[in-house]
Engineer: 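Attaching a single structure in structure tokens format; questions to follow.
Counting starts at 1 for both ligands and their atoms, in listed order.
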Amino acid sequence: MIKINQKIDKPLDHKTECLILPCAEEKKPSGNLKTIDQALNGAITQAFENKRFEGKPNQTLLLNCSGSLKADNLLLIGLGKTKDATAETFCRASATAAKLAESSNFKSASVDMSCLDTITKGKTGLYGELAGAIAEGAGLALYHFDEYKSRDEKDDPPSRVEKLTLLPASKSRTAAVDKSIARAEKIVSAVYSARDLISHPGNTATPTYLANHARKMARKNKITCKVLDKKEMEKLGMGALLGVSRGSHEPPALIVLEYFGTSKKKAPTVIVGKGVTFDTGGISLKPPASMDEMKMDMSGAATTLATLQAVSSLKLPINVIGIVAAAENMPGGSAIKPGDILKSMSGKTIEVLNTDAEGRLVLADALCYAQRYNPKEVIDLATLTGAVLMALGHQAAAVLGNNPAMIARLKEAGDATGERVWELPLWEEYEKATKSEIADLKNIASPGVGAGTIMGAAFLKPFAGEQPWTHIDIAGTAWGFDKPYTTKGPSGYGVRLLIKYLEQHKR
Ligand code: BES
Ligand code: ZN
Ligand code: ZN
């Protein structure tokens with residue numbers, strides 16, 4: 001991860017390979033930009049005139065300025081209209097600039113933050129929030145995963161930005177900026193660990209690997225970690241989770257993390273993650289095209305583990321439990337077959353009509369286990385249905401649940417972080433369609449019912465308990481969530497959303 005620091009320095013006097021200057025949308029350069037424009041003999045005015053740069057959102061202009069400024073290069077990055085500028089605006093702008101700095105082979109860059117002073121005037125706390133967004137955006141954007149690439153000694157290693165310096169305009173800001181940088185580093189580091197876990201292929205990131213990762217992470221972060229193995233799950237009667245893992249040689253794991261940031265008497269938020277480390281579909285085998293992507297079917301688990309990492313490193317004054325249901329869905333000789341009936345930990349029996357609807361099976365037992373904590377609320381994250389891609393594409397996760405206020409708060413957190421959620425209804429008619437002729441429930445609805453994402457949530461509902469519960473279907477956002485601050489592949493979606501959610505409602 002890049003190093004982020006701060007320095008009090010005037011942009012004109014600051015020595016750097018690349019001076020990043022966030023600019024609002026304007027007709028011609030003003031304020032700080034005007035001074036720099038003069039030093040550059042009107043190069044910026046010219047860019048405005050011929051519309052090469054007008055400060056439109058994420059528009060960039062890279063100018064070589066050696067000789068005119070102390071900086072070697074100037075990178076203008078557009079913010080759009082200042083009145084619309086939010087933390088997300090700065091996060092995207094900073095990410096865009098950081099990526100361009102890296103592809104231009106700069107090793108370090110500095111961000112002039114003088115524009116923040118006008119934007120945040122009279123709004124306490126906003127300066128720190130926007131400074132944090134700048135740090136977070138750059139950090140998130142410069143993620144790389146190259147663990148499996150062997151490098152030829154003769155090859156040039158790829159050029160990487162290693163350091164980012166924030167330049168607040170006055171000393172009065174340094175305390176706020178320090179705090180924001182520290183927070184951003186913790187969040188970025190947690191998102192990186194989620195992305196790493198998802199990037200690893202199925203033959204590395206097995207349920208056992210997830211359990212070992214959780215143990216190590218817990219040790220570092222003063223979290224308690226308990227891993228239930230197959231035998232312990234058998235004792236608890238977790239027939240649904242065990243059923244899914246039966247076709248695989250990889251043993252399943254139920255990973256439980258406990259973080260207490262306040263009195264243990266206070267009811268915790270429980271986060272439950274789907275950890276199917278590879279989803280072949282089982283006997284209801286998936287078609288070969290893009291099956292490789294099903295290594296990401298443990299993204300809910302990755303987000304759960306990373307969120308606990310962030311909650312603990314940020315020392316949030318709340319109690320949070322993370323539960324990961326980890327299994328591999330394979331069509332081995334002992335695999336469950338369409339028509340098989342499983343008995344879940346809750347006692348409810350499930351007719352498995354499609355072994356590819358396995359996420360709801362592993363979650364059924366994990367959600368039931370969550371009840372042991374008498375939770376204040378339960379949130380589950382799962383790459384549950386391909387149907388969510390039909391409904392929302394890669395732009396938002398679907399949320400469904402039993403508590404409108406909770407969903408409204410998640411929506412708020414989603415809008416603030418750019419990790420958007422969108423609600424789908426969970427009317428009782430859908431729940432009726434989960435009833436089986438022969439068992440209590442069936443894991444897919446009859447043909448013609450449609451509403452794939454809703455039916456997934458409707459199946460989970462009876463296992464989720466009476467307290468507020470929200471299901472987040474991240475099948476469309478865990479992978480291919482294309483934003484300036486994401487990179488190709490896994491996004492780590494959900495970590496920033498949940499941290500924002502938990503921070504806003506910590507009291
Ligand atoms: N893991 C998949 C869902 C998925 C699809 C995740 C695309 C990421 C991208 C899930 O286990 C699954 O296969 N769901 C089935 C459910 C169906 C059989 C009711 C689906 O969506 O087709
Ligand atoms: Zn599946
Ligand atoms: Zn799956």
Engineer: Select one of side chain, backbone, both or neither to describe which atoms of I444 lie under 4.0 Å from any atom of ligand 1, heavy atoms only.
Structural biologist: side chain
Engineer: Given that the side chain starts at C-beta and the backbone is N, CA, C, O, which of these parts of M294 lies under 4.0 Å from ligand 1, counting heavy atoms, or is it both or neither?
Structural biologist: side chain
Engineer: Given the rule in the side chain to side chain contact (heavy atoms under 4.5 Å, CB included) test, do I77 and I20 qualify, once you have shown the distances and angles that lead to the verdict?
Structural biologist: CA-CA 7 Å; I77 171 76; I20 298 170; 3.7 Å; yes
Engineer: Please indicate whether any nitrogen or oxygen in N354 is less than 3.5 Å from any nitrogen or oxygen in ligand 1.
Structural biologist: no
Engineer: Taking the N/O/S atoms of E358 one by one, which is nearest to the Zn ion (ligand 2)?
Structural biologist: OE1
Engineer: Does the N or O separation between A475 and ligand 1 drop below 3.5 Å for any pair?
Structural biologist: no
Engineer: Checking E328 against T277 for the side chain to side chain donor-acceptor pair (under 3.5 Å) test, could you report, in this order, the C-alpha distance in whole Å, the side-chain angles of both residues, the deciding distance, and whether it holds?
Structural biologist: CA-CA 5 Å; E328 188 181 58; T277 57; 4.6 Å; no
Engineer: Going by side-chain contact (heavy atoms from CB on, under 4.5 Å), I341 matches just one of I438, D440, I336. Which one?
Structural biologist: I438
Engineer: Which protein non-hydrogen atom lies closest to atom 16 (C) of ligand 1, naming both residue and atom, and how far is it?
Structural biologist: R360 NH2, 3.9 Å
Engineer: Within a reach of under 6.0 Å around NZ of K230, are more than 12 heavy atoms found that belong to other residues, nucleotides or ligands?
Structural biologist: no
Engineer: Counting only heavy atoms closer than 4.0 Å, does ligand 1 sit against the backbone of K286, its side chain, both, or neither?
Structural biologist: side chain
Engineer: Flag this pair as yes if the NZ/CZ of K411 is under 6.0 angstrom from the six-membered ring centre of W422 and inside a 45 degree cone about the axis; otherwise no.
Structural biologist: yes
Engineer: Just need the protein heavy atom nearest to atom 2 (C) of ligand 1, so name the residue and atom and give the distance.
Structural biologist: D279 OD2, 3.5 Å
Engineer: For atom 20 (C) of ligand 1, what's the nearest protein heavy-atom neighbour? Residue, atom name and distance, please.
Structural biologist: G386 N, 3.9 Å
Engineer: Near the Zn ion (ligand 3), is there an N/O/S atom from G359 that is less than 2.8 Å away?
Structural biologist: no
Engineer: Can you check side chain to side chain contact (heavy atoms under 4.5 Å, CB included) on E377 and Y501, steps first, answer last?
Structural biologist: CA-CA 12 Å; E377 56 186 0; Y501 174 82; 2.6 Å; yes
Engineer: Using the six-membered ring of Y485, assess whether NZ or CZ of K483 lies under 6.0 Å from its centre and within 45 degrees of the ring axis.
Structural biologist: no
Engineer: Test the K461-F459 pair against the cation-pi criterion, namely NZ or CZ under 6.0 angstrom from the six-membered ring centroid and within 45° of the ring axis.
Structural biologist: no
Engineer: Charged N to carboxylate O below 4.0 Å: is that the case for E258 and K264?
Structural biologist: no
Engineer: At a 4.0 Å threshold, what atoms of ligand 1 neighbour a non-hydrogen atom of E358?
Structural biologist: 11 (O)
Engineer: Could you tell me whether some N/O pair between T385 and ligand 1 is separated by less than 3.5 angstrom?
Structural biologist: no
Engineer: Is it the side chain (CB and beyond), the backbone, both or neither of K274 that lies under 4.0 Å from ligand 1, heavy atoms counted?
Structural biologist: side chain
Engineer: Which option, V276, T355, D356, owns the non-hydrogen atom nearest atom 13 (O) of ligand 1?
Structural biologist: D356
Engineer: Would you please classify the geometry between the Y430 ring and the W427 ring as parallel, tilted or perpendicular, with 30° and 60° separating the classes?
Structural biologist: parallel
Engineer: Taking only heavy atoms of L384 into account, list the atoms of ligand 1 that are under 4.0 Å away from them.
Structural biologist: 3 (C), 10 (C), 12 (C), 14 (N)
Engineer: Using a cut-off of strictly less than 2.8 Å, determine whether D297 has an N/O/S atom near the Zn ion (ligand 2).
Structural biologist: no
Engineer: Restricting to N, O or S atoms of D279, which is nearest to the Zn ion (ligand 2)?
Structural biologist: OD2
Engineer: Where do L140 and R496 land on the side chain to side chain contact (heavy atoms under 4.5 Å, CB included) test, with the steps shown first?
Structural biologist: CA-CA 11 Å; L140 291 171; R496 294 167 58 245; 3.6 Å; yes
